[in-house]
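Data first, discussion second: the structure below is written as structure tokens.
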Amino acid sequence: QVQLVESGGGLVQAGGSLRLSCAASGRTFSRTAMGWFRQAPEKEREFLAVIRWIGSGTFDADSVKGRFTISKDNAKNTVYQQINSLKPEATAVYYCASRSRVGGNCYPRGEYEYGVWGQGTQVTVSS
């Protein structure tokens with residue numbers, strides 16, 4: 001089992017940037033991918049990006065492509081989400097998630113495809 005802890009959220013003015021971190025502990029050796037999602041109040045959880053753990057292939061949602069960049073540090077068991085040019089509509093709780101299944105979708109975008117989730121970190125963008 002993997003435990004995930006997000007950090008790096010906060011209050012940011014529109015146009016600003018943040019780098020979110022997700023530190024993993026526990027049984028991390030079996031992971032195949034790490035993803036980032038966000039959920040605003042009364043909204044569905046939205047896929048943002050995914051990165052392969054073995055190798056470094058990535059896939060970004062069209063809604064954030066060019067502004068959000070996912071990356072990782074395998075030695076630190078940490079995945080990052082650099083978010084630039086933030087807009088007020090980006091205000092949400094941001095979650096990281098870990099997938100351990102072998103096979104299937106190499107770049108999963110559905111909540112159901114991830115087995116372990118962090119507690120989330122709040123990002124608030126002011127105008």
Exercise: identify the closest heavy-atom pair between Tyr114 and Ala33: CE2-O, 4.4 Å
Check against side chain to side chain contact (heavy atoms under 4.5 Å, CB included), Val79 and Ile70: CA-CA 7 Å; Val79 63; Ile70 190 170; 3.9 Å; yes
Closest contact, heavy atoms only, Ala90 versus Val125: CB-CG2, 4.3 Å
Under 3.5 Å donor-acceptor, Ser98 side chain and Val116 backbone: no
Value rounded to 0.5 Å, distance of OG in Ser127 from NZ in Lys87: 13.5 Å
Spatial distance of atom CG (Leu20) from atom OH (Tyr94) [nearest 0.5 Å]: 7.5 Å
N/O donor-acceptor pair under 3.5 Å between Thr58 side chain and Val50 backbone: no
Minimum heavy-atom distance between Phe47 and Asp60, given as atom pair plus value: CE2-C, 4.5 Å
Thr78 (side chain) donor-acceptor with Lys76 (main chain) under 3.5 angstrom: yes
Side chains of Phe59 and Cys106 in contact at under 4.5 Å (non-hydrogen atoms): no
Non-hydrogen side-chain atoms of Ser71 and Gln82 separated by less than 4.5 Å: no
Point-to-point distance, once rounded to the nearest 0.5 Å, from CD of Glu113 to CD of Glu111: 10.5 Å
Set of ring-ring contact (aromatic ring centres under 6.0 Å, His included) partners for Phe68, sequence neighbours left out: none
Closest non-hydrogen atom pair between Leu4 and Ala24, with its separation: CD2-CB, 3.6 Å
Spatial distance of atom CD (Gln122) from atom CD (Gln119) [nearest 0.5 Å]: 12.0 Å
Min side-chain heavy-atom separation Asp73-Tyr80 under 4.5 Å: yes
Polar side chain donor-acceptor pair, Asn84 to Ser17, under 3.5 angstrom: yes
Minimum heavy-atom distance between Ala49 and Gln81, given as atom pair plus value: CB-NE2, 3.8 Å
Verdict with supporting geometry, Tyr95 and Cys22, side chain to side chain contact (heavy atoms under 4.5 Å, CB included): CA-CA 9 Å; Tyr95 298 91; Cys22 176; over 6 Å; no
With sequence neighbours excluded, residues passing ring-ring contact (aromatic ring centres under 6.0 Å, His included) with Trp117: Phe37
Reported CG-to-OG distance for the pair Leu48 and Ser63, which is rounded to 0.5 angstrom: 6.5 Å
Polar side-chain atom of Asn77 near backbone of Ala23 as donor-acceptor pair, under 3.5 Å: no
Hydrophobic cluster of Tyr112, others only, ordered by chain and residue number, side-chain cut-off 4.5 Å: none
Qualifying salt bridge (charged side-chain N to carboxylate O under 4.0 Å, His left out) pairs with a residue from residues 4-33, counting only residues at least two apart or across chains: none
Spacing of Thr124 atom OG1 and Leu86 atom CG [to the nearest 0.5 Å]: 10.5 Å
Under 3.5 Å donor-acceptor, Lys72 side chain and Ile51 backbone: no
Salt bridge (charged side-chain N to carboxylate O under 4.0 Å, His left out) partners for Glu46, two or more places apart: Arg38
Arg52, CZ atom: more than 12 neighbouring heavy atoms under 6.0 Å: yes
Residues that Ser100 engages under side-chain contact (heavy atoms from CB on, under 4.5 Å), provided they are two or more places apart: Ser30
Considering all heavy atoms, the nearest Leu11-Ser126 contact: CD1-CB, 4.2 Å
Heavy-atom side-chain proximity of Val123 to Leu18 below 4.5 angstrom: yes
